Amino acid sequence: MVRVRIAPSPTGIPHIGNTRTALFNYLFAKHNQGKFILRIEDTDQKRIVPGAKEAIVEILTWLGLFPDEQYTQSERLSLYKEHAELLIKKAIAYKKDGAVWVRVNTGAAIAWDDAIGNKKIQFNSNDIEDFVVLKSDGFPTYHLASVVDDHLTEISHVIRGQEWISSTPKHLFLYESFGWKPPIFAHLPVILGPDKAKLSKRHGAKSVLDYRDEGYLKEALLNFMVILGWSPGGDKEIMSMDEMAQLFDLKNVNTANPIFDIGKLQWLNGVYIRQLGIDELSEKIKNKNEKLKRINEKIFKKLVELAQSRMKTLNEFDELVAPIVEEPKVVLSQNEKELARKLNVGFSSIVHWESNAIFTTIKKVMQEAQVRMPVMYRIMTGKESGLPLPQVLEIIGKEKVLERLQKLL
RNA sequence: GGCCCCAUCGUCUAGAGGCCCAGGACAGCGGGUUUUCAGCCCGUUAACAUCGGUUCGAAUCCGAUUGGGGUCACCA
């Protein structure tokens, strides 16, 4: 029975790195009809950040990574204490300054077969220093708590970041000391920033909640994270969660550290936005911006249709629609004023105000003055590009359009 | 620095000895469609870190070098 776990500590809001580890664990569990377990590692009281635990759950919920079981280490303190005492009894651990330390046997090599890259990793136990298992405040350290919990909850595979490789010998030593069979370890390469340094706040280390708030779709984020360091082989890269779970295998997780590339995420987000139906997309956009709920439903959908292929994130809708929702600030040159005057005359004579007629007028003015569309855009919206102009003007309405032109002259 | 991990286009990757003078995707560049910008379609630039082995044959196996990363807490 496959049982995996993620073990976040509530000391911050999960970023792409942590979350990708969660995803890989989840996919591995689903692929093998196993269990996906969430364990909150709140054993460092000083570093706990209020709200972090809630954020972890919120992110997992948003992404659909629902845990089958959940544990919290601060509720299991007696368990760790018991086991620390057991180690003392076995003369493997000793007390010093109120803490319980473990001395690793010297002499023997400590090795395991890592599931990533399918290779053997070996340490010399002489290189491993004594370490604390129970702190003087009575809380366990990660080393003790995770080993005890992984064993007690029958974790079969520990899939975690590569930063844990150097403490794995300690864990293995603990397993051996307790007489327990260790799980299979799989150490995932860490995600690097564009500067090839560890992911920092400036780029990908933003909280996953930030990406959601910026208008990224969970499907895009999930797809992005899964192809960062994993490939099903061949050319496939757009996948639904079900496909990922079906295809996922630790065997083809890459051994090298991938670099976070926001451009690919943006592209993927665009792909998923374009895949959405208009109703669904409208709903998502409205949920992000209350103000938009005031716009007439029919017009709103029309705007969504026009904007769909032009958005990389949901939030970009606001900017695309700005020239319609609010009066743009435009200052025109003499030449542009002349064109505005011509547009004014042309538009005034349109009886049935709709995009085709509007466009005919715009084209006429452009032809006469030998100018191109960006000029027209600037006059009407203050920007040189945007949603299709005739449609935009149709939506704004004849009266309002003429009013705007009036002011420009 | 010690220990450990890693190394294919700028980026994500395919590739598990001959199918590879290395394929796909993003980005870039060029063109087409056109109502600007997108989108869509077509084309294009660009990589096996280096040096030694092994082999009839190496991106693929081995070693060294170089480079990058991780870790060295009563943090996880």
Side-chain angles (χ1 to χ4, degrees), chain A residues 7-12 18 41-48 73 96-101 114 116-119 121-124 126-129 131-143 145-146 160-169 187-192 194 196-198 224 226-238 251-252 254-268 270-271 273-274 306-312 316 320 355-356 358-359 362-363 366 372-378 380-381 383-392:
Chain A
S9 64
T11 53
N18 308 329
E41 309 231 322
D42 54 349
T43 56
D44 187 345
Q45 298 299 93
K46 302 177 289 290
R47 288 177 61 227
I48 288 175
Q73 289 185 327
K96 189 178 117 190
D97 300 329
V100 179
W101 295 70
D114 205 279
I116 304 300
N118 200 247
K119 79 250 168 180
I121 300 179
Q122 193 174 69
F123 283 79
N124 185 326
N126 291 324
D127 293 333
I128 297 152
E129 292 180 26
F131 60 98
V132 171
V133 289
L134 203 67
K135 297 180 267 188
S136 52
D137 65 358
F139 280 78
T141 60
Y142 173 88
H143 302 123
S146 78
R160 71 209 325 184
Q162 222 171 41
E163 62 268 26
W164 292 106
I165 285 185
S166 51
S167 39
T168 301
H187 289 99
L188 269 16
V190 297
I191 301 173
L192 267 27
K196 291 196 175 189
K198 203 178 178 182
F224 174 71
V226 86
I227 60 173
L228 203 55
W230 175 77
S231 157
D235 297 336
K236 194 169 185 61
E237 62 178 359
I238 305 267
K251 277 196 200 77
N252 38 39
N254 254 80
T255 47
N257 300 341
I259 292 172
F260 178 89
D261 174 23
I262 187 76
K264 191 109 181 187
L265 207 211
Q266 286 171 337
W267 167 74
L268 266 170
V271 169
I273 283 177
R274 274 171 254 132
L306 295 176
Q308 185 170 33
S309 72
R310 280 165 253 255
M311 291 187 284
K312 290 253 189 289
E316 283 168 13
L320 251 13
S355 62
N356 283 323
I358 296 167
F359 190 42
I362 293 174
K363 270 199 282 202
M366 283 198 297
R372 297 184 55 82
M373 276 307 272
V375 179
M376 300 290 115
Y377 268 86
R378 229 187 76 72
M380 297 310 308
T381 69
K383 296 174 185 178
E384 297 203 338
S385 66
L387 300 181
L389 194 55
Q391 281 87 334
V392 165

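Residue numbers start from 1 in every chain, and the chains themselves are labelled A, B, ... in the order their sequence lines are given, proteins ahead of strands. Side-chain atoms are counted along with the backbone in the values below, which use heavy atoms only and exclude waters and symmetry mates. Small disclaimer: the values here were computed from a predicted structure and weren't measured.
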Check: If you round to the nearest 0.5 Å, how far is CD of Glu41(A) from OG1 of Thr11(A)?
Finding: 10.5 Å
Next item on the list: Please round to the nearest 0.5 Å and tell me the distance separating atom CZ of Arg160(A) and atom OG of Ser167(A).
Entry: 6.0 Å
Next item on the list: Among the candidates rA76(B), rC5(B), rA7(B), find the nucleotide nearest to the side-chain atoms of Lys119(A).
Entry: rC5(B)
Is there any protein nitrogen or oxygen under 3.5 Å from a nitrogen or oxygen in nucleotides 35-44 of chain B, and what are the pairs?
| from | atom 1 | to | atom 2 | distance (Å) |
| --- | --- | --- | --- | --- |
| rU35(B) | O4 | Gln391(A) | OE1 | 3.4 |
| rU35(B) | O4 | Gln391(A) | NE2 | 3.4 |
| rU36(B) | O2' | Glu384(A) | O | 3.0 |
| rU36(B) | N1 | Tyr377(A) | OH | 3.3 |
| rU36(B) | O2 | Tyr377(A) | OH | 3.4 |
| rU36(B) | O2 | Gly386(A) | N | 2.8 |
| rU36(B) | O2 | Gly386(A) | O | 3.3 |
| rU36(B) | N3 | Tyr377(A) | OH | 2.6 |
| rU36(B) | N3 | Gly386(A) | O | 2.7 |
| rU36(B) | O4 | Arg310(A) | NH1 | 3.2 |
| rU36(B) | O4 | Pro388(A) | N | 3.2 |
| rC37(B) | O2 | Arg310(A) | NH1 | 3.0 |
| rC37(B) | N3 | Arg310(A) | NH1 | 2.1 |
| rC37(B) | N4 | Arg310(A) | NH1 | 3.2 |
| rA38(B) | O2' | Ser309(A) | O | 2.5 |
| rA38(B) | N3 | Ser309(A) | OG | 2.8 |
| rG39(B) | O3' | Arg274(A) | NH1 | 3.4 |
| rC40(B) | OP1 | Arg274(A) | NH1 | 3.2 |

Notebook entry, point to check: Gln308(A) side chain to Ile273(A) main-chain N or O, any donor-acceptor pair under 3.5 Å?
Noted result: yes
Next item on the list: Would you indicate which nucleotide in rC6(B), rC74(B), rA76(B) comes nearest to any side-chain atom of Thr255(A)?
Entry: rC6(B)
Next item on the list: Answer with base, sugar-phosphate or nothing: what part of the nucleic acid does Asn254(A) contact at a heavy-atom distance below 4.0 Å?
Entry: sugar-phosphate
Notebook entry, point to check: Just by modelled atom types, is the Phe139(A) backbone N or O under 3.5 Å from a matching donor or acceptor in the Asp137(A) side chain?
Noted result: yes
Checklist line | Residue matched to rG57(B) through Watson-Crick or wobble contacts both under 3.5 angstrom | finding: none
Note to self: Regarding Ala256(A), tell me which of base, sugar-phosphate or nothing describes its non-hydrogen contacts under 4.0 Å with the strands shown.
What the structure shows: sugar-phosphate
Next item on the list: Determine the contact category for Ser146(A): base if any of its heavy atoms lies under 4.0 Å from a base atom, sugar-phosphate if only primed atoms, P, OP1 or OP2 are that close, otherwise nothing.
Entry: nothing
Note to self: Quick check on RNA chain B: between Lys96(A) and Leu228(A), whose nearest nucleotide comes earlier from the 5' end?
What the structure shows: Leu228(A)
Notebook entry, point to check: Should rA14(B) form a Watson-Crick or G-U wobble pair with both distances under 3.5 Å, which nucleotide is its partner?
Noted result: none
Checklist line | d(CG, Leu265(A); P, rC26(B)) in whole Å | finding: 14 Å
Item checked: Phe123(A) side chain reached by Ile165(A) side chain, heavy atoms, under 4.5 Å -> yes
Margin query: Please report the distance separating the C1' of rG68(B) from the corresponding atom of rU11(B), rounded so that it comes out in whole Å.
Written below: 16 Å
Check: If we take the C1' atom in both rU8(B) and rC4(B), what is their distance in whole Å?
Finding: 24 Å
Item checked: Integer-rounded Å distance: rU13(B) P and Glu237(A) CD -> 11 Å
Item checked: Distance in angstrom units between Asn126(A) CG and rC3(B) C1', rounded -> 12 Å
Next item on the list: Could you state the atom-to-atom distance from CZ of Arg160(A) to P of rC5(B) in whole Å?
Entry: 15 Å
Item checked: Interatomic distance where NE2 belongs to His187(A) and P belongs to rC4(B) [whole Å] -> 15 Å
Margin query: Give me the distance, rounded to whole Å, that separates rU35(B) from rC42(B) when you measure between the C1' atoms they each carry.
Written below: 22 Å
Check: Base, sugar-phosphate, or nothing for Lys383(A), non-hydrogen atoms under 4.0 angstrom?
Finding: nothing
Checklist line | Mate of rC19(B) where both pairing distances stay under 3.5 Å, Watson-Crick or G-U | finding: none
Check: So, Ser231(A) side chain and Ile227(A) main chain: donor-acceptor pair closer than 3.5 Å or not?
Finding: no
Next item on the list: Give Gly229(A) one of three labels, base, sugar-phosphate or nothing, depending on what nucleic acid heavy atoms sit under 4.0 Å from its own.
Entry: sugar-phosphate
Next item on the list: Using whole Å, report how far CG of Asn118(A) lies from P of rU60(B).
Entry: 19 Å
Next item on the list: Please examine the side chains of Asn257(A) and Gln162(A), heavy atoms only from C-beta on, and report whether any two atoms are closer than 4.5 Å.
Entry: yes
Below 3.5 Å is the cut-off: list the nitrogen or oxygen pairs between protein and nucleotides 67-70 of chain B, distance only.
| from | atom 1 | to | atom 2 | distance (Å) |
| --- | --- | --- | --- | --- |
| rG69(B) | O2' | Asn257(A) | ND2 | 3.0 |

Notebook entry, point to check: Whom does rG2(B) pair with, Watson-Crick or G-U wobble, provided both distances fall under 3.5 Å?
Noted result: rU71(B)
Check: Toward the 5' end of RNA chain B, which comes first, Ile227(A) or Gln73(A), by nearest nucleotide?
Finding: Ile227(A)
Next item on the list: Grab the CG-C1' distance between Asp235(A) and rC9(B) for me, whole Å please.
Entry: 15 Å
Next item on the list: For rA59(B) versus rC48(B), give the span between their P atoms, rounded off to a whole number of Å.
Entry: 11 Å
Notebook entry, point to check: What is the distance from atom CD of Glu129(A) to atom CH2 of Trp101(A), rounded to the nearest 0.5 Å?
Noted result: 9.0 Å
Notebook entry, point to check: Checking Asp114(A) side chain against His187(A) main chain: does a donor-acceptor pair fall under 3.5 Å?
Noted result: yes
Check: When only distance counts, do a donor and an acceptor, one from the side chain of Lys264(A) and one from the base of rA25(B), lie under 3.5 Å apart?
Finding: yes
Next item on the list: Considering only atom C1', compute the distance from rA25(B) to rC21(B) and round it to an integer number of Å.
Entry: 23 Å
Check: Rounded to the nearest 0.5 Å, how far does CH2 of Trp267(A) lie from CZ of Phe224(A)?
Finding: 11.5 Å
Notebook entry, point to check: Taking the side chain as C-beta and beyond, is there a heavy-atom pair between Leu389(A) and Thr381(A) under 4.5 Å?
Noted result: yes
Check: Expressed as a whole number of Å, how far does the C1' atom of rU60(B) sit from that of rA49(B)?
Finding: 16 Å
Checklist line | Pair assignment for rU65(B), Watson-Crick or G-U wobble, requiring both distances under 3.5 Å | finding: rA49(B)
Check: Quantified in whole Å, what is the C1' atom distance between nucleotide rC75(B) and nucleotide rG52(B)?
Finding: 44 Å
Notebook entry, point to check: Can any side-chain N or O of Lys135(A) pair as donor or acceptor with the backbone N or O of Thr43(A) at less than 3.5 Å?
Noted result: yes
Checklist line | P gap between rU13(B) and rC6(B), integer Å | finding: 15 Å
Next item on the list: Have a look at Thr11(A) and say if it touches a base, only the backbone sugar-phosphate, or nothing, with a 4.0 Å heavy-atom cut-off.
Entry: nothing
Notebook entry, point to check: With a non-hydrogen cut-off below 4.0 angstrom, is Pro232(A) in contact with a base, only sugar-phosphate, or nothing?
Noted result: nothing
Next item on the list: May I ask you to test the Ile116(A)-Pro189(A) pair for a side-chain heavy-atom distance under 4.5 Å?
Entry: yes
Next item on the list: Write down the distance between CD1 (Ile259(A)) and P (rU8(B)), rounded to a whole number of angstrom.
Entry: 10 Å
Notebook entry, point to check: Quick one: which of rA76(B), rC75(B), rC26(B) gets closest to the side chain of Asp261(A)?
Noted result: rC26(B)
Next item on the list: Scan every strand shown for a Watson-Crick or G-U wobble partner of rG28(B), both distances under 3.5 Å, and answer none if you come up empty.
Entry: rU44(B)
Check: Would you say a side-chain N or O of Lys135(A) is under 4.0 Å from OP1 or OP2 of rC75(B)?
Finding: yes
